Amino acid sequence: MSEVIGKITRISGPIVYAEGLESCGLYDVVDVGNAKLIGEIIRQKEGIATIQVYEDDTGMKIGEEVVCKKRPLSVRLGPGLVGTIYDGIQRPLENMYNDAGCFLLPGQRTEPLNTEKKWDFVPCKNQGDSIFPGCVIGTVQETSSIMHKIMVPPNIKGKTLASISGQASFTINDVVAETDLGEKIYLSQYWPVRKPRPYSQKLTVSEPLVTGQRVIDVFFPLSKGGTAAIPGGFGTGKTMTQHAVAKWCDADLIVYIGCGERGNEMTDVLTEFPSLIDPRTGRSLMERTILIANTSNMPVAAREVSLYSGITLAEYYRDMGMDVAIMADSTSRWAEALRELSGRMEEMPAEEGFPAYLPTRLAEFYERAGRVNALCQEEGSVSVIGAVSPPGGDFSEPVTQHTKRFIRCFWALDRELANARHYPAIGWIDSYSEYAEEVRDWWDKFDPRWAGIRLEALELLKKEQRLEQIVRLIGPDALPDTERLVLSVAEMIKNGFLQQNAFDEVDVYSVPEKQILILQLMIGFYKRALGVIKQGCPLLKINTLTCKEEIIRIKTSVPNDKLEMIKEVENHFENEFGNLERLYRKVETI
């Protein structure tokens, strides 16, 4: 496609204005200035194109050339994506570091995928077979964890395969098949980042994304294909929670987007993930992870496109029939980039200076999540977990409020819990999940007790909050034993169930069966204790029972593969309460 050349007429930070590009389309890619910086046309008005530059444009001058490529900003999709760390516009940072050192040079380019590496292609179609968009024609073993499916691009119109290569090794630039219309199918393909990839049908969500974090899986579950937000002030643990979910959730692939966050947080991911073992495969966690780093010291404009790049990569693997989880850290920094660019373009601001189209952009991002029947007729999903960083932890600010309109799972981080070193600091009063009913069938098949004990535990915690207000006024001694029991059992649930130790190899991850067993014991403790209190037993005597401490310690004392040990705690629990019930029943009889 022919190129169009224009001239720079005005520069305003990362926003550049150019004339002579009237024939170019919205969101076309351009090379800006003598350094050939990557940019994108975001507005056309009165013969002047407004260009968003994704690199540092210091030193650029008016009159320099702008070359339009007449194609939208796209990412390259193919074998080699997994295990790579990219910037917001899909430049592999490790390769760029090897070429030019620690700092990105203006206009520095490198291929997003290794063009020299050969991949072992195994065809699953034959010459003359019928094909359709999204159809799988072969496979490549990308990592030991990921079987990469080579799919017919969605824009291919041919109906049959005129030719297809046999089992052999190819680079991503090689042609592996050709259609009856002469269209070539390569080992890789391009896709515009702002355009959602097509699918056959959107399905209702029904299966939870199991994270191993008890407060999430039991109290506020997220479904595969769902959307969640983690809002919280500075230091409350947004990044730690996302890291934990990325490490332990049962997704097939993780796309971690560091959008405007500190560089050391991405460094933690880079150093920790290769050494972590995926519990499902026994291999390095990096073998099912793609990283996109657009940290706070990188160009602001590229923050906006980094989210779109990440979700496009996720949709590509979703189309292979995989469950993909996206961690976006943080959407507040992305929104701040929108505010910066909107101010440079002199647009009318809305609340707190954010552009009026902020809700639209948030909706466009979150609506690309979902569980779908892909074009290849396999089920796949994209789950989005976005961190929100409200200034001062104020959840009434625009980004948090608009995000709540488009997500269905809200994990609100609590400052008091974070200060008390309670991890994860997800508050059980402000948090909610609208997926609880939708994943109930899955839980009922796994353990039908889940719905009942979940509601009972949440009700206990709400009662405790109301009683705490009374305790602050008149002290705990003024309460009857039945209400003091609520305070005692709520403390058990907080310490023995909701709190997890990320540095304890047993407590860092809980299988669903263990989660149910712990909470069932705690609710059982409350019911049995309430019964003996009504028979006349003082709460002081119940608090001396050794089974209470044993129940709290199950989270660290019982490994996930030795759950039969919980039976000993249950037996001790039954014996101690049995003795109390016999004693006070006898006293009542006398």
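Every heavy atom of this structure was used, including side-chain atoms; hydrogens, water molecules and symmetry mates were not. Only a predicted model underlies this, so the values are computations on that prediction, with no experimental measurement involved.
Side-chain contact annotation: Ser144 with Glu287, donor-acceptor N/O pair under 3.5 Å present. Side-chain N/O atoms of Glu94 and Tyr86 include no donor and acceptor closer than 3.5 Å. For Thr546 and His572, the side-chain atoms include at least one donor-acceptor pair closer than 3.5 Å. Between the side chains of Thr556 and Asp504, no donor-acceptor pair is found at a separation under 3.5 Å. For the residue pair His402 / Glu397, no side-chain donor-acceptor distance below 3.5 Å is found, with atom types taken as modelled. Of the N and O atoms on the side chains of Asn373 and Ser200, not one donor lies less than 3.5 Å from an acceptor on the other residue.
Scored by the ring-ring contact (aromatic ring centres under 6.0 Å, His included) test, Tyr432 finds Phe410 as partners (sequence neighbours excluded). With sequence neighbours excluded, no residue satisfies side-chain hydrogen bond (donor to acceptor under 3.5 Å, both in side chains) with Ser223. Applying the side-chain contact (heavy atoms from CB on, under 4.5 Å) test to Asp323 and every residue at least two apart in sequence or in another chain returns Lys224, Asp252, Ser381. Every residue meeting the salt bridge (Lys or Arg N to Asp or Glu O under 4.0 Å) condition with Arg361, not counting sequence neighbours, appears here in chain and number order: Glu304. Residues passing the salt bridge (Lys or Arg N to Asp or Glu O under 4.0 Å) test with Asp507, sequence neighbours excluded: Arg214. Here Phe354 pairs with nothing under the ring-ring contact (aromatic ring centres under 6.0 Å, His included) rule; sequence neighbours left out. Residues passing the ring-ring contact (aromatic ring centres under 6.0 Å, His included) test with Tyr256 are His243, sequence neighbours excluded. Applying the salt bridge (Lys or Arg N to Asp or Glu O under 4.0 Å) rule to Glu513 yields no partners; only residues at least two apart in sequence or on another chain are considered. Every ring-ring contact (aromatic ring centres under 6.0 Å, His included) that Phe497 has, sequence neighbours left out, goes to Phe219.
By the 4.5 Å heavy-atom criterion applied to side chains, Val215 and Trp428 are not counted as neighbours. Between Tyr509 and Lys247, every side-chain heavy-atom pair lies at or beyond the 4.5 Å cut-off. Here the side chains of Trp442 and Ser206 are not in contact, with every heavy-atom distance at 4.5 Å or above. Put simply, the side chain of Leu209 reaches to within 4.5 Å of the side chain of Asp250, judged on heavy atoms. A heavy-atom distance below 4.5 Å is found between the side chains of Gln141 and Met147.
Side chain of Glu379 to backbone of Gly321: no donor-acceptor contact under 3.5 angstrom is found. A donor-acceptor distance shorter than 3.5 angstrom exists from the side chain of Trp411 to the backbone of Phe220, with no hydrogens or angles considered. With Arg339 contributing its side chain and Glu352 its backbone, the two residues share a donor-acceptor pair below 3.5 Å. Side-chain atoms of Lys238 come within 3.5 Å of backbone N or O of Gly232 as a donor-acceptor pair. Side chain of Asp217 to main chain of Gly212: a donor-acceptor pair is present (N/O by atom type, distance under 3.5 Å, no hydrogens or angles). Lys555 contributes no side-chain N or O that, together with a main-chain N or O of Gln515, makes up a donor-acceptor pair within less than 3.5 Å. At distances below 3.5 Å, not a single donor-acceptor pair connects side-chain atoms of Glu378 with backbone N or O atoms of Asp319. In this structure, Asn560 contributes its side chain and Val511 its backbone to a donor-acceptor pair below 3.5 Å. One N or O on the side chain of Ser433 and one on the backbone of Pro221 form a donor-acceptor pair closer than 3.5 Å. Side-chain N or O atoms of Ser306 include one that pairs as donor or acceptor with a backbone N or O of Arg303 at under 3.5 Å.
The CZ atom of Arg582 sits 8.0 Å away from the CZ atom of Arg585 when rounded to the nearest 0.5 Å. To the nearest 0.5 Å, atoms CG (Leu545) and CG (Leu580) are separated by 5.0 Å. Between atom CD1 of residue Ile216 and atom OG1 of residue Thr241 there is a gap of 6.5 Å, rounded to the nearest 0.5 Å. Rounding to the nearest 0.5 Å gives a distance of 8.5 Å between CG of Leu521 and CD1 of Ile518. Rounded to the nearest 0.5 angstrom, Arg421 CZ and Gln499 CD are separated by 11.5 Å. Separation of atoms CE (Met322) and CG (Leu253) is listed at 6.5 Å; rounding is to 0.5 Å.
Ring geometry for His148 versus Tyr317: interplanar angle over 60°, hence perpendicular rather than tilted (30 to 60°).
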Using the salt bridge (charged side-chain N to carboxylate O under 4.0 Å, His left out) rule, take Glu564 and Lys567 through it: C-alpha gap first, then chi angles, then the decisive distance, then the call.
-> CA-CA 6 Å; Glu564 65 275 4; Lys567 194 66 180 175; over 6 Å; no
With side chain to side chain contact (heavy atoms under 4.5 Å, CB included) as the test, would you mind laying out the steps for Lys404 and Phe395 before giving the verdict?
-> CA-CA 10 Å; Lys404 288 179 77 171; Phe395 289 177; over 6 Å; no
How far apart are the C-alpha atoms of Phe446 and Trp450, what are their side-chain angles, what is the distance that settles it, and do they pass the ring-ring contact (aromatic ring centres under 6.0 Å, His included) test?
-> CA-CA 9 Å; Phe446 181 82; Trp450 173 79; over 10 Å; no
Step by step, would you call Thr482 with Lys534 a side chain to side chain donor-acceptor pair (under 3.5 Å)?
-> CA-CA 8 Å; Thr482 52; Lys534 289 178 179 178; over 6 Å; no
Would you sort out whether Cys376 and Met320 count as a side chain to side chain contact (heavy atoms under 4.5 Å, CB included), showing the intermediate values?
-> CA-CA 7 Å; Cys376 68; Met320 301 180 198; over 6 Å; no
Stepwise side chain to side chain donor-acceptor pair (under 3.5 Å) check, Arg368 with Thr312 | CA-CA 9 Å; Arg368 290 173 72 170; Thr312 303; 3.2 Å; yes
Please table the atom pairs, donor to acceptor, closer than 3.5 Å between any side-chain atom in residues 461-474 and protein atoms at least two apart or in another chain.
| unit_1 | atom_1 | unit_2 | atom_2 | d |
| --- | --- | --- | --- | --- |
| Glu464 | OE2 | Lys494 | NZ | 2.7 |

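Looking at Glu550 and Arg553, no side-chain N of the basic residue comes within less than 4.0 Å of a carboxylate O on the acidic one, giving no salt bridge. Salt-bridge check for Glu456 with Lys527: passed, with a basic side-chain N closer than 4.0 Å to an acidic carboxylate O. Note on Glu434 versus Arg408: salt bridge recorded, some NZ/NE/NH1/NH2 to OD/OE distance being below 4.0 Å. The residues Arg528 and Glu581 are annotated as salt-bridged, a charged nitrogen and a carboxylate oxygen being separated by less than 4.0 angstrom.
Within a 6.0 Å sphere centred on NZ of Lys541, heavy atoms belonging to other residues, nucleotides or ligands number 12 at most.
For residues 533-571, there are no ring-ring contact (aromatic ring centres under 6.0 Å, His included) pairs, not counting sequence neighbours. Screening residues 461-487 for ring-ring contact (aromatic ring centres under 6.0 Å, His included), with sequence neighbours left out, gives no hits.
What you find for Phe525 and Phe577 is that their closest heavy atoms are CD1-CE1, 3.5 Å.
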